[in-house]
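Here the structure is laid out as structure tokens; the discussion comes afterwards.
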2 protein chains.
Amino acid sequence: MPKIEDVAAKAGVSVTTVSRVLNNRGYISQATRDKVAQAMKELNYQPNEMARSLFRKKSNMIGLIIPTVSHPFFSELVYHLEYYADQKGYKVLLCNSNRDISKERKYIDMLKKNQVDAIVMGSNVQDVKHYLNLNLPIISFDRTVANNIPIVTSDNYTGGRLASRLLVDKGCRKLAHISGGVGGPNHAALLASKRFQGFRDELPDTGIEHVSLELEIAGLGDKRNVDELVRFFQEHPDADGVFATSDVLAALVIQACHQLKKTIPQEMKIIGYDDVGIASLVWPRLTSIRQPVREMSECAVELIVKLLQGEEVSMINSFPVTLIQRDTT
Amino acid sequence: MPKIEDVAAKAGVSVTTVSRVLNNRGYISQATRDKVAQAMKELNYQPNEMARSLFRKKSNMIGLIIPTVSHPFFSELVYHLEYYADQKGYKVLLCNSNRDISKERKYIDMLKKNQVDAIVMGSNVQDVKHYLNLNLPIISFDRTVANNIPIVTSDNYTGGRLASRLLVDKGCRKLAHISGGVGGPNHAALLASKRFQGFRDELPDTGIEHVSLELEIAGLGDKRNVDELVRFFQEHPDADGVFATSDVLAALVIQACHQLKKTIPQEMKIIGYDDVGIASLVWPRLTSIRQPVREMSECAVELIVKLLQGEEVSMINSFPVTLIQRDTT
DNA sequence: CCCTTAGTGTCAACCGGTTGACACATCATT
DNA sequence: AATGATGTGTCAACCGGTTGACACTAAGGG
């Protein structure tokens, strides 16, 4: 690996001069600029960003902690976040916490040690609250953490209302609310519980009752997931509408219905959440509440950039959700 | 951010001593060890890994370049790779190239500048071949690159054979081979073409003919994908078996069949590839060829560790595939 | 009493690049 | 001829931590 010294030698100038062209400061003639560029090219020189970061106290890295990138919602989040981060010159260090609080802690430590400029937290963070006397920007994705931490979220409450309103309008008489997440239930996703709240708030006047199931997903392909759902629907044979808090859950519900020979949407209407790719790959194609992940990711990156420039940002950044009607309702 | 100096002051020892306890070298009494530990705790001190990396010429970061993490195969890959990397003390810098060669180049440069210890390439790399006079370990994931670059792959050829053998055994008379990928066709995935080779090599004796379609996926939810498949099957109404080179494609084929009112598996048998989560979330549940992504990821990390220790590694690391029978065949 | 080992400190160089201070030269303006 | 902008070099300090050389002390063993 050539160093700046080598470039200087090859170009016949001083190290300072090379640094000057590298950083565009002071006066430099076009001639030397070219000489230096030439030397860099010949040596295939790349400035060592670690050294620069060390001096500048800025790494241009952001840490991203999520439960697991293997869940489609998060994989889309990661994709977009990395995209916008890259646009702004930031690199993404990815951490899968599996919702394990001790792993979250370790990752936070690791990210601090590695001098990331900011952390995006898409995982629990609940108990980590007190832990956040980090002196670096944190922003939280779809989880309430503490009121001094900016959050990017979508309108979960309205999402819940939209879902149950649709099911009601379509004539359902008894609704089921299915929640849960990979690697244990979604305890910490406080915001997702607002979906439930919205879901319920739409019902009182209608006289429609609802039942609820918190599914502990055992791994996507695991048969037990569907089995448990089948059992649940056998206990509640009169349920004719389902609101699932994620499209993955909804897909499992569809499986259960197929198994129970319930026709969709005639005997059972289903609505999912997130509108990830899978929603249009299942059959029937899933009606879902869309979170604008792309826009949310863009916002997250912008928040970070602003925070790092010392600007003020709004603490709550909520995006509207939209109902995507497909064939399960 | 406290520095080692602050710790030294608070503990009443020299910087060298702190460094010694930090790195476990030389003689240190338990007493000072404790004092230093205490001081670190009180200051909430974390050694600056950038500074250490700079000195050690080792960052413990690995760069991962893939087409897009939003594709389930890659999101599972990323998940497992990050897991094993973390186990071995490595961090993962994620890069989505979208199969764009110029973006790949930029990412490779970026990773070099940032002193990653190794790169895992899950994206094209074909034209980048000559570009690889990097002086750092590269390993390639499921793509042939150059013969001096170790590769982790699975037995694509056998995968193809297994697939067509199964379709033949189940009585299909005319097969369709559907390939393609998100963001353009899969040109570069040379290895995946071995699947096609295997697929064809199983047919000659049987007298079964096949047709082939290279689908340019337009985005997962896009209706045009299914439309094109429907058109294709209308042109080949006698096709009764499909081998899709990914489960996502297979899911689209299922959609097309539903739309054409072809019953699965009676009138149409379908087999996918990868056996990602989605395979068991569609209906009917998809028969697929499973690549052992977890094991492959583990292997990739191990290769890197070995390479960094200067050990010799085998250039070709191929894993067996397995046929997962579900309900589409 | 000498020698060894343990335990700690001081000092300087180093990783690779950045930056400010300052010196000096050249060239165009006024 | 004086002035100021332009262009480049030298030097040293710095980012935060690591390491080797060396000195010194105290304790324990033979």
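Chain letters run A, B, ... following the sequence lines, proteins first, then strands; residues in each count from 1.
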Say whether [X] and [Y], considering side chains only, have a donor N or O and an acceptor N or O under 3.5 Å apart.
{"X": "B/Asn98", "Y": "B/Lys103", "result": "no"}
{"X": "B/Ser75", "Y": "A/Ser75", "result": "no"}
{"X": "B/Arg52", "Y": "B/Asn60", "result": "no"}
{"X": "A/Gln30", "Y": "A/Asp34", "result": "yes"}
{"X": "B/Arg20", "Y": "B/Tyr27", "result": "no"}
{"X": "B/Asp100", "Y": "B/Tyr107", "result": "no"}

Return the angle between end axes of the helix from C/dC1-D/dG30 to C/dT30-D/dA1, with five pairs used per end and rounding to 10°.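 The angle, to the nearest 10 degrees, is 40°.
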Would you list the atom pairs, donor with acceptor, under 3.5 Å between side chains in residues 2-12 of chain B and any protein atom, with sequence neighbours excluded?
{"from": "B/Asp6", "atom 1": "OD2", "to": "B/Lys3", "atom 2": "N", "distance (Å)": "2.7"}

Check the interface with nucleotides 3-7 of chain D: list each N/O to N/O pair with the protein under 3.5 Å, or write none.
{"from": "D/dT6", "atom 1": "OP2", "to": "A/Tyr27", "atom 2": "OH", "distance (Å)": "2.3"}

Look only at the side chain of B/Asp117 and the backbone of B/Ile62, and say whether a donor-acceptor pair between them is shorter than 3.5 Å.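 Flag not set: sc B/Asp117 to bb B/Ile62 has no pair under 3.5 Å.
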Would you say the side-chain atoms of A/Asn156 pair up with the backbone N or O of A/Ser154, donor to acceptor, closer than 3.5 Å?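 Yes; judged by distance alone, with no hydrogens or angles, the pair exists.
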Pick out the pairs of N or O atoms, protein on one side and nucleotides 26-30 of chain C on the other, that lie under 3.5 Å.
none

Identify whether the distance between the nearest side-chain nitrogen and carboxylate oxygen of A/Lys306 and A/Glu302 falls below 4.0 Å.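 Looking at A/Glu302 together with A/Lys306, the answer is no, because their closest N to O distance does not fall below 4.0 Å.
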A quick test of your reading: do over 12 heavy atoms of other residues, nucleotides or ligands sit less than 6.0 Å from CD of A/Glu312?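 Incorrect, the count does not exceed 12.
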Other residues, nucleotides and ligands only: do more than 12 of their heavy atoms fall within 6.0 Å of CZ on B/Phe319?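 Yes.
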Is there a side-chain contact between A/Val21 and A/Thr32 in this structure, where contact means two heavy atoms from C-beta onward sitting under 4.5 Å apart?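 No, too far: nothing below the 4.5 Å cut-off.
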Using a 4.0 Å heavy-atom cut-off, write out nucleotides 11-21 of chain D from 5' to 3' as B (base contacted by protein), S (sugar-phosphate only) or - (no contact). B--BBBBBBS-
Give every pair of a protein N or O atom and an N or O atom of nucleotides 25-27 of chain D that lie under 3.5 Å apart, one pair per line with the distance.
none

In Å, rounded to the nearest 0.5 Å, how long is the span from CD1 of A/Ile108 to CD1 of A/Ile65?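 Taking CD1 in A/Ile108 and CD1 in A/Ile65, the distance rounds to 4.5 Å.
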So if I apply the side-chain hydrogen bond (donor to acceptor under 3.5 Å, both in side chains) rule between A/Asn114 and each of B/Gln46, B/Glu49, B/Lys91, which one comes out positive?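 Among the candidates, only B/Lys91 passes.
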Does a side-chain N or O from B/Ser14 land closer than 4.0 Å to OP1 or OP2 of C/dT8, or not?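 Indeed not, no polar side-chain atom of B/Ser14 lies that close.
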